[in-house]
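To start, the structure under review is shown below, and the notes come after it.
Note that the structure is a prediction, hence the values are computed from the model and not measured. Order of the sequence lines sets the chain letters (A, B, ...), proteins ahead of strands, with each chain counted from 1.
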Amino acid sequence: MKIVFELSLKRIMKQRLTVVLMFLFPIILILVPQPEGMPTPTIGYGIFGLVILFSAFLLSKQIIEDRQNKTIIRIAASPMTHRNYLIGHLSAYMLVLGLQILFFWLLSILFWTAPIEYYLWGLPMLLSFTVMTICFSLFWHTFFKTYSTSIAVYSIAANLLAVMGGLSFPLEYMPDTLRLTAIVLPTYWYAYGLELITDGNYVYAFLSLLILLAFAIIFLVIGSKRRFE
Amino acid sequence: MNIMRILNPKITLYFVLILLYSILLITIKPQEPAVFFLWILSVLLIVVKMRFKLEIKYFFIDVLFWLVIIVFFESSFILILPSFVILLYYGKLWSIFPVMLFWFSFIGFDVETLLIISYAFVSGGTLHLWKTTEETAIQNTNHYRETIYLLDKEQQKLLENQHEIAQLSILSERDRIAQKLHDDLGHDLTGALLALRALQTKHPELIKDSSFEAINSRLESSVENLKETVVNTRSEQSYGLEDFKNLISSFTYASIEYQQNGNLLKLNATHWHILLSVLKEALTNIQKHSKAKQVTVNFLVEDPVVRLLIKNDGVTSYPKGTGSGLKYMRRRIESLGGVLSLRKDYHFTLICVLPLTLEVGE
């Protein structure tokens, strides 16, 4: 497991452009001024959710590439278990994404203004959303044979998820009919959780966090099934 | 891709569950985080159980869990229905009673819930029937395949037997001819030669007679030729009793006692073939499945039957699933008008009885 973890990290480091962009986007995002009249940077955190959606997907491309190059068959023939392979990879992604959200979180504290409770609740919310996106990427890849097809469809799906889930605009502007559909999307619960933190409704915010983790487990359970093709 | 191969009860169950969860989502008030949390928890529990193919007992735990939740959140009653569908799918029809009981006790009758329960009941029940029918069809197909396989194997064995019996017949016929040549013709020729020698002793002048000399040398060469022919005709390959005794002497697993009675000349090649096969099978089974220390082989030919008895003092029965060789032997013996029986007391005894005049297959 440790070997897979280290190898996965090395492979991530080879994706230099991705790593640079992962840490560049929070800086660009932080430079956008907080809208006046808004007590918390919910929109900034929401758009950062979109960045996480793409970052997790770009990192997890190793898994679909291993399947595409038939490396997974060679791994299956080795003494390494599929469980260790997955844990090694997913924990490497979690580490890199964890650093990214920590970087963004620190920048947001420095440059944006919000009550301290918002930041304290914002970090676990970001973490649970990151866990969910990693598992979602794993789940997403199971439906595709090649990385190019997967990313082509994902680029549309992720934008839809962000728009319908309310990542890029305040949820209060979302029509009620759309909200009824949006509740099945995990992105909605991230945006909703951020709104609840702003309102100070921490019990429901905690429930949103749990819902995100429940989504993560469902995606992980389905996505962890070993596929060779 | 063939659509019928994709559409099986299991895949349809997934679709039914997705539809059911969609209906449940519309029915409950999912905008409430607590309600949506319960809904997603229900999805999570089902997904985990189906992904890891957990046993049916875990679905009962699920039902119990939801029954506890219902006490606090009555509206979560319908979240029990996916587990109910799965229980019905696995044929647990009685699960409808606790569901109905809780429905009337906690919720009370309403048309909306009735429709959802009906959907769950009908879909679960139908899928169960479909699954059962498909499983029965698969079982039947497997059974037919097995029968065809066994029949093929039996046919192959019969062909092999036929070939072996033909070989045995050739060998026994060659032996019979050699015996006849040796006993009858050899006896006569040797007698004639001895008579000629006696005549020569009585009348020594006959040695000078060319005709006498020619008769003598012809007779001598005939005797030599006959000896050579007898040796060449007699088969080098062992069969029959010889084979029988070889088999017994090569058995070293336990001490073996051999008894033989009656006129063995009455047996033909088919008898020898069957008896040898029975002995071989019995000794192999003793070696494989018993802890025998003493084996007795009793061979008796008494008109109108020949009987072979093999008795051992070890483990006295064959494990289940074995004995296909004996099953085949029994069928073969019965087709020839014989009987193969097993007796189990303090010993395990196998008795094969064959008529001396075989009905078929000679």
Side-chain angles (χ1 to χ4, degrees), chain A residues 82-83 86 121 125 128 131-132 135-136 138-139 142 165-166 171-172 174-197 199 201-227 229, chain B residues 1 5-6 8 10-55 58-59 61-62 65-66 69 72-73 75-76 78-83 85-86 112:
Chain A
H82 186 61
R83 194 191 62 177
L86 276 182
W121 276 94
M125 194 58 86
S128 56
V131 172
M132 193 283 299
C135 298
F136 180 69
L138 181 73
F139 165 79
T142 56
L171 275 180
E172 60 208 57
M174 188 186 270
D176 282 346
T177 43
L178 186 65
R179 197 179 263 244
L180 270 173
T181 325
I183 49 166
V184 289
L185 304 174
T187 42
Y188 169 83
W189 292 99
Y190 171 65
Y192 186 58
L194 290 175
E195 200 182 73
L196 288 169
I197 297 169
D199 296 343
N201 193 344
Y202 300 122
V203 178
Y204 274 19
F206 183 67
L207 267 176
S208 304
L209 196 144
L210 287 182
I211 290 169
L212 280 174
L213 291 177
F215 268 115
I217 299 170
I218 292 171
F219 292 139
L220 180 69
V221 164
I222 301 172
S224 62
K225 198 164 170 41
R226 182 157 60 183
R227 282 189 59 201
E229 282 185 356
Chain B
M1 206 183 282
R5 282 181 68 185
I6 308 166
N8 58 43
K10 191 119 199 189
I11 298 286
T12 318
L13 176 69
Y14 295 148
F15 284 119
V16 165
L17 286 174
I18 291 169
L19 187 62
L20 182 62
Y21 271 116
S22 310
I23 294 170
L24 296 184
L25 194 67
I26 297 164
T27 315
I28 58 176
K29 289 172 184 150
Q31 291 92 334
E32 279 289 311
V35 177
F36 186 81
F37 178 69
L38 286 176
W39 181 86
I40 202 155
L41 191 66
S42 165
V43 178
L44 173 64
L45 291 171
I46 294 282
V47 166
V48 168
K49 280 191 283 292
M50 297 196 85
R51 162 71 173 81
F52 297 106
K53 295 183 178 68
L54 294 183
E55 289 171 35
Y58 292 98
F59 287 97
I61 297 169
D62 234 33
F65 170 74
W66 286 114
I69 297 289
F72 301 101
F73 300 98
S75 56
S76 66
I78 48 173
L79 292 175
I80 209 170
L81 294 177
S83 300
V85 171
I86 292 169
E112 202 179 54

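For the atom pair CD1 (B/Ile28) and CD1 (B/Ile23), the distance works out to 12.5 Å, reported to the nearest 0.5 Å. Annotation: the span from B/Leu79 atom CG to B/Phe65 atom CZ amounts to 10.0 Å, rounded to 0.5 Å.
Using a 4.5 Å cut-off between non-hydrogen atoms, the part of residues 40-49 of chain B that approaches chain A consists of B/Ile40, B/Val43, B/Leu44, B/Val47, B/Val48. Scanning residues 184-194 of chain A against chain B with a 4.5 Å heavy-atom cutoff picks out A/Val184, A/Trp189, A/Tyr192, ordered by number.
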Identify each donor-acceptor pair in which a side-chain atom of residues 210-219 of chain A lies under 3.5 Å from a protein atom, sequence neighbours left out, and give them as a table.
none

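Note: B/Phe36 leads B/Phe52, B/Trp39, B/Phe36, B/Phe37 in heavy-atom pairs under 4.5 Å with chain A.
Only the side chain of B/Leu25 has a heavy atom closer than 4.5 Å to any heavy atom of chain A.
Within a 6.0 Å sphere centred on CZ of A/Arg83, heavy atoms belonging to other residues, nucleotides or ligands number 12 at most. Residue A/Phe206 places its CZ atom among 12 or fewer non-hydrogen atoms of other residues, nucleotides or ligands, all under 6.0 Å distant.
Closest non-hydrogen pair, A/Ile197 versus A/Ala205, comes out as CG1-CB, 3.9 Å. Taking both residues in full, the closest heavy atoms of B/Val85 and B/Leu13 are given as CG1-CD1, 3.9 Å, listed atom of the first, atom of the second, then distance. Taking each heavy atom of B/Arg51 and A/Val221 in turn, the nearest pair found is NE-O, 2.8 Å. In terms of heavy-atom proximity, A/Leu196 sits nearest to A/Ser208 at CD1-OG, 3.6 Å.
Taking A/Tyr202 as the reference, A/Trp121 meet the ring pair (Phe, Tyr, Trp, His ring centres under 6.0 Å) condition, with sequence neighbours excluded.
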